[in-house]
Enquirer: 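The structure that follows is given in the form of structure tokens.
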Amino acid sequence: MGFPEEHVVKAVKENGEESADLILETLLTYSASPLALQSSPEEDQPPISIIKRESEEETDQSSSDYYENLLEDFSDADSLPEDEDTMTPLSDNDNKLLFLMDMGYDMDESSIAIERCGPDSSIDQLTDFISAAQLAKGSDHLYRDAEDEDKCQKKRKRLAYLSWKKKNQRPNKKICNGEDELMKLPKPMVGFGVPNQPYPAFQRTLPEDALGPLYFYYENVALAPKGVWNTISRYLYDIHPEFVDSKFFCACARKRGYIHNLPVGNRFRLLPIPAATIQDAFPLSKKWWPAWDTRTKLNCLKTTVASAKTTEKIRKALEDCDGDPPLVVQKYVMEECRKWNLVWIGKNRVATLEPDEFEVLLGFPKNHTRGGGSNRTDRFKSLGNSFQIDTVAYHLSVLKPLFPTGITVLSLFSGIGGAEVSLHRLNIPLKSVVSVEISQVNRNIVRSWWEQTNQRGCLIELEDVQLLSHERLEQLIHSVGGFDLVIGGSPCNNLAGCNRVSRDGLDGKESALFFDYWRILDSVKCIQKNRQKN
DNA sequence: GGTACTATGAATCCGTAC
DNA sequence: GTACGGATTCATAGTACC
């Protein structure tokens, strides 16, 4: 692309020499480059994490000199290859490939980006895609490994430029909403079908590159900030999420999105079927349950529970009433009960759930998280972050006839072993499980469960998904003979509605680890595909 | 130092009325 | 179509206590 000298002069004249940002913005508005600037900010949901991190790193240098150099570099890098002399006109994809390579990207990463983002993708989308991939792989090592320091500098500047550009984009609400409409949550939230509910009409066609033999299963909160599921879906082969509320499987709600490439026919439930209502799950509470508390299902079990002060305030509020409490008191009590999942344990007395009650509601063995250095707070946190076993097992049940002799699993963000427990409860033998979990306490829980259930297979425990490199994956695949299933739910901290502090979407520190899920899945597919060829 | 406890809204969806 | 209100939400950071 480059910026014509007259444009630069004009931009400097309009904005003064001091404001590099304004100069650059003005130059961009002048530019009529068909490729480099063709995309609108609303056309994609960029993997913002790379943008901010690089931004933090690079904006310290936001001097005129820096941007002058940056522009200078782009004068070279953004030039489209000229092919007027060639006999056959290059296709749009070829042009994009050459353009990306000219920007300093490798052929492989450029090709993958074009393939994944589709033929209509813009250069912006492609560079975003590659940038996210680089972040997921640990962008630092790209720089360390770069043989040519100039190339390395160029890459940093390019990313800084992208950062700057994204930060200065003006959101287009109309288009954003348009995207979200595509990811509308189903009502009722039954995904591709749940027991005892009418089967929803849906059409599921998996893209070719998403098909097995490697199966994958990804989970996260359904009610994520706008655009998050669009991004996740785009990275995971454009598969539409299956949004399911676990209230159709047990006595508590748990609205989650699942992206997977599993078959969806002939699913079956785990037995025994758990209690479907609060009253069935807590029979002793029936005696004290007031008629005006009409709840039959608990809300989502979260990572913390109400304080003793809350339940005491409720008791006092009710005891101050003669007979049935007035509507205003009922409303207050019900709000607190719904917010904190309180159950009735006596006259005018409500209580929080205990960790073992969390375990049973979520489908884990009672005392699954007890002991092993886990305190009460830890248990609530781990359980609140976990799968609902009956729901996940329903989805995974289709694997049972496919793997009668056992399955080899890569379990990412394992937590307290929701995936492993689900497969075990389905009586699918666990041949080998590579479990990656950052929390020592959670790893203890999984290891303890593994031993208690007399698993015959091999459990390999790893700590950090970010350290799970391509090379390490090759070793593991060689060691276990290949994975059949990659499963996991990446952290929701920055997506969850009750996070009042850092609900930053996939840009958040923890939730950005989704890109590691995608990176690892992609690596496994690639490695195993190559193994098949050889 | 470890653990338990407590205060802290906003984003989003959905139903309803107009 | 729009405005409004109700309902829901895999949490975080600071503080008190032992």
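A note on names: the letters A, B, ... follow the listed sequences, proteins ahead of strands, and every chain is numbered from 1.
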Enquirer: Under 30°, 30 to 60°, or over 60°: which ring-plane class applies to A:Phe216 and A:Tyr237, parallel, tilted or perpendicular?
Expert: tilted
Enquirer: Provide, to the nearest angstrom, the distance between the CG atom belonging to A:Asn299 and the C1' atom belonging to B:dC13.
Expert: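 After rounding, the reported distance stands at 14 Å.
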Enquirer: Rounded to whole angstrom units, what separation is found between the CD atom of A:Gln330 and the P atom of C:dA7?
Expert: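 Taking atom P of C:dA7 as the reference, CD of A:Gln330 is at 13 Å.
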Enquirer: Got a sec: does the CG of A:Asn266 have more than 12 other heavy atoms crowding it under 6.0 Å?
Expert: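 Result for CG/A:Asn266: open.
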Enquirer: Side-chain N or O of A:Thr304 less than 4.0 angstrom from OP1 or OP2 on C:dA11?
Expert: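 So the side-chain polar atoms of A:Thr304 never come under 4.0 Å of the phosphate oxygens OP1 or OP2 of C:dA11.
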Enquirer: In whole Å, what is the span from the CG atom of A:Leu185 to the P atom of C:dT9?
Expert: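 To the nearest whole Å, that distance equals 12 Å.
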Enquirer: Rounding to a whole Å, what distance do you find between A:Arg500:CZ and C:dT8:P?
Expert: 16 Å
Enquirer: Any strand is fair game: report the nucleotide pairing with C:dC10 by Watson-Crick or G-U wobble, both distances under 3.5 Å, or none.
Expert: none
Enquirer: Is the CZ atom of A:Arg370 crowded by more than 12 outside heavy atoms at less than 6.0 Å?
Expert: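 Check fails, neighbour count at 12 or below.
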Enquirer: Is the shortest side-chain N/O distance from A:Arg338 to OP1 or OP2 of C:dT8 below 4.0 Å?
Expert: yes
Enquirer: Which listed nucleotide (B:dC14, C:dA11, B:dC13) is nearest to the side chain of A:Ala496?
Expert: C:dA11
Enquirer: Let me know, please, whether A:Gly373 or A:Arg503 comes out on the 5' side of the other along DNA chain B by nearest nucleotide.
Expert: A:Gly373
Enquirer: Using atom NZ of A:Lys302 as one end and atom P of C:dA7 as the other, report the distance to the nearest whole Å.
Expert: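 Result: 15 Å.
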Enquirer: Identify the two heavy atoms, one from A:Arg204 and one from A:His260, that lie closest to each other, and give their separation to 0.1 Å.
Expert: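 Closest heavy-atom pair between A:Arg204 and A:His260: NH2-O, 2.6 Å.
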Enquirer: Starting the side chain at C-beta, find the nucleotide from C:dA11, C:dT9, C:dC10 nearest to A:Asn385.
Expert: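 Of the options given, the side chain of A:Asn385 lies nearest C:dC10.
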Enquirer: A:His240 vs A:Phe243 aromatic rings, parallel, tilted or perpendicular, using cut-offs 30° and 60°?
Expert: perpendicular
Enquirer: Considering every strand and a 4.0 Å limit on heavy-atom distances, what is the contact class for A:Ser490: base, sugar-phosphate, or nothing?
Expert: base
Enquirer: If only side-chain N and O atoms of A:Lys309 are considered, is one of them under 4.0 Å from the OP1 or OP2 phosphate oxygen of B:dA7?
Expert: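 Affirmative; the distance criterion is met.
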Enquirer: Inspect the contact between A:Glu335 and A:Lys339 and indicate whether a charged nitrogen and a carboxylate oxygen are less than 4.0 angstrom apart.
Expert: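 Looking at A:Lys339 and A:Glu335, the cut-off is not met.
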Enquirer: Nearest whole Å is fine: how far is C:dC10 C1' from A:Glu219 CD?
Expert: 7 Å
Enquirer: Return no unless some side-chain N or O of A:Asn375 is found under 4.0 Å from OP1 or OP2 of B:dA4.
Expert: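 For B:dA4, OP1/OP2 do have a side-chain N/O of A:Asn375 under 4.0 Å.
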Enquirer: For nucleotides C:dT9 and B:dT8, find the distance between their C1' atoms and express it as a whole number of Å.
Expert: 15 Å
Enquirer: Rounding to an integer number of Å, can you tell me how far A:Lys509 NZ sits from C:dA13 C1'?
Expert: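 Taking NZ of A:Lys509 and C1' of C:dA13, I get 14 Å after rounding.
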Enquirer: Just N and O in the side chain of A:Asn499: are any of them under 4.0 Å from OP1 or OP2 of B:dA10?
Expert: no
Enquirer: Measure CG/A:Asn220 against C1'/B:dT12 and give the value in whole Å, please.
Expert: 16 Å
Enquirer: To the side chain of A:Lys226, which of C:dC10, C:dT8, B:dT12 is closest?
Expert: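 Taking heavy atoms from C-beta onward, the closest nucleotide is B:dT12.
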Enquirer: Relative to A:Phe403, does A:Lys431 satisfy both conditions: NZ or CZ under 6.0 angstrom from the six-membered ring centre, and within 45 degrees of the ring's axis?
Expert: no
Enquirer: Between A:Arg376 and B:dA4, does any side-chain N or O lie under 4.0 Å from OP1 or OP2?
Expert: no
Enquirer: Less than 4.0 angstrom between a side-chain N/O of A:Thr303 and OP1 or OP2 of C:dC10, yes or no?
Expert: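 Checking A:Thr303 against C:dC10: no side-chain N or O falls below 4.0 Å of OP1 or OP2.
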Enquirer: Can you find a side-chain donor-acceptor pair between A:Thr453 and A:Gln455 that sits under 3.5 Å?
Expert: yes
Enquirer: Toward the 5' end of DNA chain C, which comes first, A:Lys255 or A:Asn493, by nearest nucleotide?
Expert: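 That would be A:Lys255.
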Enquirer: Within residues 289-296 of chain A, find the residues that approach DNA chain B with a heavy atom at under 4.0 Å, and present them sorted by residue number.
Expert: none
